[in-house]
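Below is one structure; the comments refer to it alone.
Everything quoted here is computed from the prediction, not taken from an experiment. Naming convention: chains lettered A, B, ... in sequence-line order (proteins, then strands); numbering from 1 in each chain.
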Protein chains: 2
Amino acid sequence: MTPEPTIRRLAKYLELLKIELANGTEEISTTKIANIFELDPTQVRKDIEFTGIIGKPKTGYNVRELYEGIINFLNWKEPKDAFLAGAGHIGSALAHYSNLSDYGIKIIAAFDIDRKKIGKKINDIEIFSIDKMPNLIRRMNVKIGIIATPPDTAQEIANMMIDAGIEGIWNFTPVHIAAPENIVIENAQLTLSLAVLTRRIVEKKYEKTSLGEIYERDINK
Amino acid sequence: MTPEPTIRRLAKYLELLKIELANGTEEISTTKIANIFELDPTQVRKDIEFTGIIGKPKTGYNVRELYEGIINFLNWKEPKDAFLAGAGHIGSALAHYSNLSDYGIKIIAAFDIDRKKIGKKINDIEIFSIDKMPNLIRRMNVKIGIIATPPDTAQEIANMMIDAGIEGIWNFTPVHIAAPENIVIENAQLTLSLAVLTRRIVEKKYEKTSLGEIYERDINK
DNA sequence: TAGATTGTTAATCGATTAACAATC
DNA sequence: TAGATTGTTAATCGATTAACAATC
């Protein structure tokens, strides 16, 4: 299994490769990639090794080849159909991102319990009653589910999805989703990201404070 | 510096503690927390150790004490003012989440270049011209910036924020933000999360396939 | 008391980084 | 050729997990 940090970094490299591809750059070295993302070149090489793409000493990697190698590795070549449960604020923001199809998925329908929303469309994606989801998952052979519902219904929705044959769930709710181990649960929990941000900010301050204190102590001698 | 996985897990525990607090539970053990999140109890104890909260052998931790300990640790007690750059789909979804103040930040103003948006409000948050952002950051002593603009302007916006005195940036664009090391950059890049989801799904399939092949080989003997 | 749980040290595991020969 | 870069093995680092005495 590829380390998660490697998968994330590869997706980052892809953004750069898109730009380089548009610029017509033909070759790129791990030294260059590493400089841009403030990483170790060896790490970039290790990451690329997972994709199976090989480079040429002295010149580096062919930009197009590497780009396609990562796209294939992430399985982003053919976007997979996905169902969105919950057409609230985050749900509709996701529905508006038509370019998710450049990132491996395509939302083809949304589901909600709110009668006022059912029947409406967001960015051409129709909103159905949540009751219809399980049958539609089966009939349309959908393998990816997105949960952007209120937290208290999240586990129930996940169970419905799993029973109907979903293989992977992208979870935007702050709750832990329990699932059998053959199901992939990927959490996009913004509050966890906020936790890292706010904690790191205080840590930076402590750092400064401690240095300050040492300095103070020194000048008081 | 606290390991990032620890910070994220602590934020997860908090969700459980909220529920337990509402239920009136007084004590909670690491065994219970670990079971719910499918973790090792020792890991949970190690995580809690960072907050400085201590438990009692046999009974565990006081729920309220642990809850408040984590809130303090994450610096979520007093939500910090934040500015939002970019009032597009994700930007407005964020602006609608009034409960971000339970997660350490409070969006007090939004900024955009689109003249049609300027002057309007999202969930009572006024949208100003982006030109006004630097001065307002200084005057209002804002320390947290959120970037939800198109990718090509992200670095520029980040520079404006940093020059004006922002300490931490929550980045929703898919680009890498370069910043001095005293600035905290936290990426909430949804596409990276998608990369993990889609890759893990193919890996699960490989797993099955390999097992299948071994099985096939065995029965063919 | 017996048993569950904490707090903490030691062992293990996995990811990152260093070193360096091979190559163009 | 000299120098930059790859590919790969070894060393290091940091996080997780195991072990276990102390405690209520």
Side-chain angles (χ1 to χ4, degrees), chain A residues 1-13 16-17 20 25-67 69-70 73 181 192 195-196 199-200 203 207, chain B residues 1-13 16-17 20 25-67 69-70 73 181 192 195-196 199-200 203 207:
Chain A
M1 212 166 69
T2 324
E4 180 167 328
T6 291
I7 301 175
R8 291 182 165 264
R9 284 192 301 265
L10 284 169
K12 284 192 177 189
Y13 305 159
L16 172 64
L17 294 171
E20 295 299 338
T25 318
E26 294 201 348
E27 305 277 340
I28 195 162
S29 71
T30 54
T31 324
K32 178 159 186 204
I33 298 175
N35 276 337
I36 288 168
F37 295 104
E38 298 164 82
L39 301 169
D40 188 300
T42 306
Q43 186 171 62
V44 178
R45 247 171 287 140
K46 269 263 154 75
D47 289 341
I48 292 174
E49 206 187 316
F50 281 95
T51 67
I53 300 300
I54 55 167
K56 275 205 288 285
K58 173 98 169 147
T59 53
Y61 297 80
N62 177 278
V63 173
R64 165 149 273 122
E65 211 180 304
L66 185 54
Y67 173 83
I70 296 178
F73 181 79
E181 60 145 2
L192 307 193
V196 178
R199 175 66 198 173
R200 289 284 182 246
E203 282 175 345
E207 240 175 67
Chain B
M1 208 166 72
T2 323
E4 180 167 327
T6 290
I7 301 175
R8 293 182 165 264
R9 282 191 302 264
L10 284 169
K12 285 193 178 188
Y13 305 159
L16 172 64
L17 294 171
E20 295 299 340
T25 318
E26 294 201 352
E27 305 277 340
I28 195 163
S29 71
T30 55
T31 324
K32 176 155 189 210
I33 299 176
N35 276 339
I36 289 168
F37 295 105
E38 298 164 83
L39 300 169
D40 188 299
T42 306
Q43 185 169 64
V44 178
R45 247 171 287 141
K46 269 260 153 79
D47 289 341
I48 291 173
E49 205 187 315
F50 280 96
T51 67
I53 300 301
I54 56 167
K56 275 206 288 285
K58 172 98 170 150
T59 53
Y61 299 79
N62 177 279
V63 173
R64 164 150 274 122
E65 211 180 305
L66 186 53
Y67 173 83
I70 296 177
F73 181 80
E181 61 145 358
L192 307 192
V196 179
R199 175 65 198 173
R200 289 283 182 247
E203 282 176 346
E207 240 176 65

Just to verify, what does [X] make a ring pair (Phe, Tyr, Trp, His ring centres under 6.0 Å) with, not counting sequence neighbours?
X: F73(B); result: none
X: F50(B); result: none
X: Y61(A); result: none
X: Y67(A); result: none

Which residues pass the side-chain contact (heavy atoms from CB on, under 4.5 Å) test with [X], not counting sequence neighbours?
X: E4(A); value: R8(A), V196(B), R200(B)
X: I54(B); value: none
X: P5(A); value: P3(A), R9(A)
X: E49(B); value: K46(B)

(request) State, with a plain yes or no, whether a side-chain heavy atom of L66(B) is found less than 4.5 Å away from one of I33(B). (result) yes
(message) Using a 4.0 Å heavy-atom cut-off to protein, can you give one letter per nucleotide of nucleotides 12-24 of chain C, 5' to 3': B if the base is in contact, S if only the sugar-phosphate is, - if neither?
(response) ---SSBB----BB
Give the rounded distance in Å between these two atoms: [atom1] of [X] and [atom2] of [N].
X: L66(B); N: dT6(C); atom1: CG; atom2: P; value: 10 Å
X: E27(B); N: dA4(C); atom1: CD; atom2: P; value: 17 Å
X: I48(A); N: dT5(D); atom1: CD1; atom2: P; value: 13 Å

(message) Between the opening five pairs and the closing five pairs of the helix from dG3(C)-dC24(D) to dC24(C)-dG3(D), how far apart are the helix axes, to 10°?
(response) 10°
(request) Tell me, please, which residues at least two apart from K32(A) pass salt bridge (Lys or Arg N to Asp or Glu O under 4.0 Å). (result) E20(A)
(message) Can you list, in residue-number order, the parts of residues 28-38 of chain A that come under 4.0 Å of DNA chain D, counting heavy atoms only?
(response) S29(A), T30(A), T31(A)
